[in-house]
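From a predicted model like this one, the values you see are computed outputs, not experimental measurements.
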Amino acid sequence: MNELKRKEIEILAQIKQERENHGFSQRGLCAIINMQQPSLVKIEKGQISPQLDTLLKILEPLHRTLKIVPIDDKLE
């Protein structure tokens with residue numbers, strides 16, 4: 001597995017964990033964001049790569065967002 005795919009899977013696992021921490025089932029979250037459940041299943045499993053707007057749509061009801069941060073704090 002290449003580094004980029006590994007990072008993607010790590011982020012998607014964090015999103016799934018946040019969904020569960022907030023008490024949302026996949027079906028419940030999908031109802032809120034108007035998404036088909038099979039799409040969320042594929043996203044959470046890393047079978048498809050979501051677009052940025054889709055990620056933001058998923059994160060909003062979880063009170064989360066994306067943030068750009070340095071890869072290595074030692075570089076600054």
Side-chain angles (χ1 to χ4, degrees):
M1 176 183 311
N2 68 37
E3 183 67 12
L4 186 58
K5 187 64 177 177
R6 187 195 62 73
K7 287 179 182 180
E8 179 181 343
I9 289 172
E10 181 180 311
I11 290 168
L12 297 174
Q14 289 175 351
I15 291 171
K16 179 181 179 183
Q17 186 64 53
E18 286 296 326
R19 175 182 60 75
E20 292 171 345
N21 290 348
H22 281 79
F24 287 111
S25 65
Q26 288 175 335
R27 190 177 311 275
L29 181 59
C30 286
I32 292 169
I33 62 175
N34 195 27
M35 174 185 277
Q36 298 294 319
Q37 184 186 7
S39 296
L40 183 58
V41 170
K42 289 177 183 176
I43 289 169
E44 286 187 354
K45 288 183 174 183
Q47 294 173 343
I48 59 173
S49 297
Q51 293 186 342
L52 180 58
D53 62 335
T54 301
L55 277 177
L56 293 171
K57 185 167 81 169
I58 291 169
L59 289 169
E60 187 173 339
L62 305 177
H63 305 284
R64 298 291 183 258
T65 192
L66 298 176
K67 183 177 181 180
I68 297 173
V69 297
I71 292 175
D72 187 346
D73 291 334
K74 296 173 190 170
L75 297 177
E76 292 192 28

Out of curiosity, Glu18 CD to His63 NE2, how far, rounded to the nearest 0.5 Å?
10.5 Å
Let me check something: do Ile9 and Ile11 share a hydrophobic cluster, defined by ILVMFWY side-chain heavy atoms less than 4.5 Å apart, either directly or through other members?
no
Any side-chain heavy atom of Arg64 sitting closer than 4.5 Å to one from Gln14?
no
Rounded at 0.5 Å granularity, tell me how far CD in Glu60 sits from CG in Leu29.
11.0 Å
Suppose we screen for side chain to side chain donor-acceptor pair (under 3.5 Å). Which residues come up paired with Gln17, at least two apart in sequence or across chains?
Asn21
Count the heavy atoms of every other residue, nucleotide or ligand shown that sit under 6.0 Å from CD of Gln37, and state whether that count exceeds 12.
yes
Can you establish whether the number of heavy atoms outside Lys5 located under 6.0 Å from its atom NZ is more than 12?
yes
CD1 on Ile58 to CD1 on Ile43, rounded to 0.5 Å:
4.0 Å
For residues 46-54, run the donor-acceptor check on the side chains, cut-off 3.5 Å, and write out each pair with its distance to 0.1 Å, sequence neighbours left out.
residue : atom : partner : partner atom : Å
Ser49   : OG   : Glu8    : OE1          : 3.2
Ser49   : OG   : Glu8    : OE2          : 2.7

When you look at NZ of Lys57, are more than 12 heavy atoms from neighbouring residues, nucleotides or ligands closer to it than 6.0 Å?
yes
For a quick test of reading the model, state the closest non-hydrogen atom pair linking Val41 to Gln26 and the distance between them.
CG2-OE1, 3.2 Å
Linking I/L/V/M/F/W/Y whenever any side-chain heavy atoms sit under 4.5 Å apart, do Leu12 and Leu56 land together?
yes
Please report the shortest heavy-atom distance between Leu62 and Ile15, naming the atom on each side.
CD1-O, 4.1 Å
Please say yes or no: joined through hydrophobic side-chain contacts below 4.5 Å, possibly via intermediate residues, are Leu4 and Leu55 part of one cluster?
no
Sequence neighbours left out, what passes side-chain contact (heavy atoms from CB on, under 4.5 Å) with Arg6? Give chain and number order.
Met1, Glu3, Glu10
